[in-house]
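Below is one structure; the comments refer to it alone.
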Amino acid sequence: MQKINRNVVLALLSLTSLVFLLFQLCYYKFYLSHKNGAAFSKGRGSQSGQDSTRWHVVRKFLGLISSHNIPVYLIDPLILGLVNKDIEQIKSSPDGPSPECKYFCAPRDFTTFALLDKTWKHDVGLFTAAEKMGFQWLKIINKDPRLDGMDDLSGMEIPLHYIFKLASHAIHLVVFYERSGNFLWHGPLRLKQHMDRKFVPFRKLHFGRYPGAYEKPELLLVSIDDLKVQIPKNPSSFLEEMSHSRFLECRYREARAFFQLYPDDVSLDAVEFRKKAKSLLHLAALTLNNLGVKFWLSSGTCLGWFRQCNVIPHSKDVDLGIFIRDYKADIIPAFQKAGLPLKHKFGKVEDSLELSFQGADDVKLDIFFFYEEDDHIWNGGTQAKSGKKFKYLFPKFTLCWTEFVELKVHVPCETLQYVEANYGPEWKVPVKTWDWKSSPFNVQDNGIWPIDEWDNVIQIY
Amino acid sequence: MEEWKPNPPVKPHKKRSWYLAWKYKLMNQRALRKLCQTGAVLFLLVTVIVNIKLILDTRRAAYEEEEESAQDYDDEMLNVEVPRHPVNNKKVLDVEVYSSRSKVYVAVDGTTVLEDEAREQGRGIHVIVLNQATGHVMAKRVFDTYSPHEDEAMVLFLNMVARGRILIFTIKDEGSFHLKETAKNVLKSLGSQVAPFLSWRDMWTFVGKKGGEVYGEKHAKSPALSTWGDPVLLKTEVHLTSVEDAECHWPDTELNRRRKRFCSKVEGYGSVCSCKDPTPIEFNPDPLKDNKVFDVPVAVIAGNRPNYLYRMLRSLLSAQGVNPQMITVFIDGYYEEPMDVVELFGLSGIQHTPISIKNARVSQHYKASLTATFNLFPDAKFAVVLEEDLDISVDFFSFLSQSIHLLEEDESLYCISAWNDQGYEHTAEDPSLLYRVETMPGLGWVLRKSLYKDELEPKWPTPEKLWDWDMWMRMPEQRKGRECIIPDISRSYHFGIVGLNMNGYFHEAYFKKHKFNTVPNVQLKNVESLRKDNYETEIHRLLGEAEVLDHSKNPCEDSFVPDTEGKVYVMFIRMEQEADFTTWTQLAKCLHIWDLDVRGNHKGLWRLFRKKNHFLVVGVPASPYSSKKPSSVTPIYMEPPAKEEGAVAVPAAAAAEQT
């Protein structure tokens with residue numbers, strides 16, 4: 001009897017726990033889906049009802065926007081992804097009625113649009129009208145970064161993001177601003193203390209975690225799901241751009257503090273050098289961008305950006321970095337064509353490649369090629385007379401956009417680590433005498449080039 | 001978990017038969033049974049673990065939802081909420097007003113809202129306007145009624161103040177010498193008993209409501225001419241009214257909301273705050289056809305002269321072809337009232353922490369403003385630079401739209417300016433005529449971005465150099481021989497009479513009689529002839545056509561120029577080398593035009609109008625146009641008068657104001 005009892009009890013328990021487990025799973029699944037909708041999809045209608053809600057909200061929003069003559073364009077990565085698959089078809093039939101709601105009904109919490117700041121008049125009427133249509137809206141404003149670099153100017157805060165919420169769907173409107181350097185910028189989305197943190201699930205927004213930099217897009221008016229909307233002409237390249245659009249603002253406040261300690265050199269020579277360095281950088285950027293070669297500010301130029309938001313006047317050259325995987329044989333002829341003759345070439349594509357071009361008026365352009373290893377990245381140096389090789393080690397980094405001397409350029413996102421690796425913890429102190437073989441913090445001896453290779457790896461013009 | 005309610009009555013029963021069958025089948029397979037038991041125990045354990053994990057997960061997720069849903073998006077800056085002033089529910093304000101020879105102060109509810117004990121400053125009647133509902137200071141003025149005409153300004157101001165506002169008066173030093181009957185009557189009508197009898201060096205304080213009750217008045221007579229009245233201190237209470245009573249009931253529109261915000265904060269702007277018939281704050285002037293300057297940013301450089309700024313912005317926003325979105329007002333200092341004016345018109349304003357002092361402060365403010373302008377409008381090739389004490393002509397943008405392509409294409413140009421230094425009522429005639437001049441007039445001008453970014457910005461005078469930015473810009477190192485285009489009749493008017501280098505006398509002498517275009521849509525004449533080489537052809541044509549005046553006559557006399565109209569005359573003056581302006585300066589003086597430094601010249605040639613005739617002055621032999629001089633004519637030489645000591649200092653400093 002006891003045995004039976006034990007068995008019975010065990011089986012019973014197993015059974016109940018099985019039921020319990022299933023129940024828990026169901027509950028968990030329900031909870032997750034509920035959480036996705038968050039405070040947001042209160043009335044859970046049928047799936048198709050949800051879909052059409054999204055479409056209706058987008059339609060209403062587009063109606064609102066067009067009645068106020070505000071030109072927005074679609075930048076929602078989800079929808080653009082879908083659109084991109086059928087782009088040819090969409091382009092060819094701009095007006096055809098669509099049989100099914102393919103794009104705007106796709107499940108998601110937001111639809112993201114972009115607005116160019118200068119194309120609208122900050123018309124308050126828009127918001128009154130939005131409220132009348134039933135939208136709840138949230139405006140996120142912050143400091144104007146275009147004034148940040150300036151001494152002691154305080155402008156009005158500018159709108160960076162708007163969120164319009166209706167029923168279970170929300171429209172995220174990202175405001176883009178033109179920046180010097182001929183690109184578009186959008187700000188980060190940061191909530192101030194008094195703001196409603198649950199207005200929408202902010203974490204799921206596609207834009208706003210970081211500020212971003214974009215090229216000015218060409219737009220195309222298309223009709224999708226019976227809605228007329230502007231989209232970037234080439235959605236796939238827009239999506240590609242979006243994936244690495246993170247923008248770093250220069251650290252203007254620290255730069256000002258730096259200049260407090262070490263007053264800027266405003267001598268005529270310094271002014272002249274800065275002007276030359278700027279035009280050389282512009283020329284180099286133009287040349288490399290035309291080739292499609294990704295580059296970033298390196299060494300002294302990077303330090304100048306990071307420390308003082310300007311060219312270091314006593315640096316005497318412009319330094320760029322390029323990943324060796326992006327190396328193209330066309331680089332040298334392209335620079336020569338742009339009026340920058342090759343001054344020297346050290347190393348080879350497989351090892352320690354480094355190019356130097358002679359810019360106008362004695363300013364040199366150095367391009368260092370970077371080699372990626374599992375846990376670090378390095379570039380090489382070569383001493384011409386001895387054939388000695390050097391190696392400069394950096395921790396791994398990714399690339400971010402920034403604005404420098406009216407140019408949109410890349411810098412390592414992890415700039416502090418990069419600069420510290422290169423210049424050591426004392427990077428904040430200006431050093432005027434610099435020896436590239438011994439001064440860098442991260443330099444290592446790397447042997448000597450075999451004599452028979454010298455002709456190839458040490459070329460001086 | 002709590003929701004789980006097993007169904008004991010049904011389940012075990014149902015399972016039992018199934019279990020029994022199974023039990024019999026496996027009765028003797030002990031090993032198997034053991035195995036099953038162990039399996040069941042293991043399964044139970046797993047269930048328990050999974051359950052605990054699920055509970056934890058759910059909890060954590062819920063917690064995150066609560067606490068962190070937007071954590072990444074929190075503003076990293078701690079937004080310190082400024083503790084708001086406790087809402088002033090009190091219906092009574094304590095007001096203290098003090099008047100004496102060397103010091104005045106006004107305190108409202110213990111807060112000093114005016115305190116002036118500076119020496120040799122702030123003489124006259126101080127007026128403070130309080131909002132009758134909130135007690136906020138809406139305007140602060142001082143009228144030096146010891147000097148002439150200041151009482152008229154005071155009357156003007158008092159008339160502009162809305163009914164119901166609380167007015168506080170106090171005298172510092174002396175306030176009666178030029179306080180005329182009209183002004184005294186106005187004060188009397190406000191309820192003052194003493195005002196009609198105010199006399200030399202009396203001390204006086206008064207608090208009253210405009211068009212209403214008097215809260216208090218105190219007066220101390222001066223016993224003798226050489227002494228002042230005893231200091232007086234007036235302490236009184238003012239009863240506040242409700243906010244509704246203090247506001248106008250305009251229809252609720254966006255514009256009126258702006259107006260309301262403005263009118264509840266400041267006073268002294270007249271009909272813009274009138275309840276019955278407020279003056280518009282949106283102007284919608286006609287757009288310009290083919291407007292080439294619609295996208296050109298406009299930087300308005302301002303200090304703390306909000307009334308000027310108000311007048312300036314009104315005229316700017318009324319100019320045809322204006323694009324309010326491109327306008328930015330740069331305020332030098334954290335002054336509230338100028339910002340209120342900017343907001344009233346719905347424009348954007350930027351405040352600038354003052355750097356350095358005097359002229360260098362202005363210079364640094366200019367630099368910051370220009371840099372910011374090109375940052376805010378990175379696409380712009382030009383910027384229009386205006387100041388807060390300018391009226392803008394109705395065809396200002398039309399003038400620029402017709403000429404801006406020259407600045408883009410002609411490298412020999414430095415700027416386009418709306419101001420003709422020599423364009424006075426009696427010396428300017430033709431609204432469609434343009435000149436090229438070697439001096440930079442400023443006062444409403446267009447700056448090329450490349451000039452600023454490549455040349456000026458990098459070497460702009462640093463704060464410790466107390467230079468005038470405009471003087472610096474006129475220096476040959478900067479100007480490099482380039483010229484500016486100006487109209488014959490100015491498209492701006494300089495109305496400021498208080499300023500860094502400005503006073504009433506100076507304004508009257510040099511600015512008041514300046515000609516200002518009021519004709520809309522002027523079609524400029526022969527704009528292409530302003531290009532570098534074309535202009536020389538044009539000048540030679542003019543000189544060829546010009547009639548040489550009788551050089552034996554006195555050029556200062558009116559009869560020097562015949563009583564004709566529309567003719568071209570030329571005269572030749574002595575000018576030994578390029579920088580010899582001796583005769584020109586004397587001529588300018590007697591013609592009552594700008595003579596404080598040399599303006600408006602082009603290669604030793606000046607162009608103006610006399611008696612509606614075009615009047616050319618050529619400096620011989622320095623000017624390349626000297627060859628046009630008939631050999632029989634001797635250039636006129638005018639000797640400067642013997643220098644009077646000290647007479648030079650004032651105008652020299654004042655010259656700086658003409659920017």
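All values derive from a computational prediction rather than experimental measurement. Chain A is the first sequence line, chain B the second, and so forth, proteins listed ahead of strands; every chain is numbered from 1.
The part of B:Tyr334 that comes within reach of chain A is its side chain, from C-beta onward, which places non-hydrogen atoms under 4.5 angstrom from that chain. For a residue to count as touching a neighbouring chain, one of its non-hydrogen atoms must lie under 4.5 Å from one of that chain's; by this rule B:Gln351 touches chain A with backbone and side chain alike. With a 4.5 Å cut-off on non-hydrogen atoms, B:Glu343 touches chain A through its side chain but not through its backbone. Residue A:Leu18 touches chain B through both its backbone and its side chain, counting heavy-atom pairs closer than 4.5 Å. With a 4.5 angstrom heavy-atom cutoff, B:Met339 touches chain A only via side-chain atoms.
Atom-to-atom distance recorded for B:Thr371:OG1 and A:Leu153:CG is 8.5 Å, nearest 0.5 angstrom. Distance CD/A:Glu272 to NZ/B:Lys459: 8.5 Å, rounded to 0.5 Å. Once rounded to the nearest 0.5 Å, the distance linking CD1 of A:Ile158 with OG of B:Ser348 reads 11.0 Å.
When all heavy atoms of B:Pro458 and A:Val271 are compared, the pair lying nearest together is CB-CG1, 3.5 Å. Scanning both residues, A:Leu147 and B:Ala372, for their nearest heavy atoms gives CD2-CB, 3.5 Å.
Residues B:Asp379 and A:Arg179 are not paired through a salt bridge, judged by the lack of any N-O separation under 4.0 Å between the basic side chain and the carboxylate.
In this structure, the side chain of B:Gln325 engages the main chain of A:Trp120 through a donor-acceptor pair within 3.5 Å. Side-chain N or O atoms of A:Arg146 include none that pairs as donor or acceptor with a backbone N or O of B:Asn375 at under 3.5 Å.
Atom CD of B:Glu336 is surrounded by 12 or fewer heavy atoms from other residues, nucleotides or ligands within 6.0 Å. Few gaps surround NZ on A:Lys276; more than 12 heavy atoms of other groups in view lie less than 6.0 Å from it.
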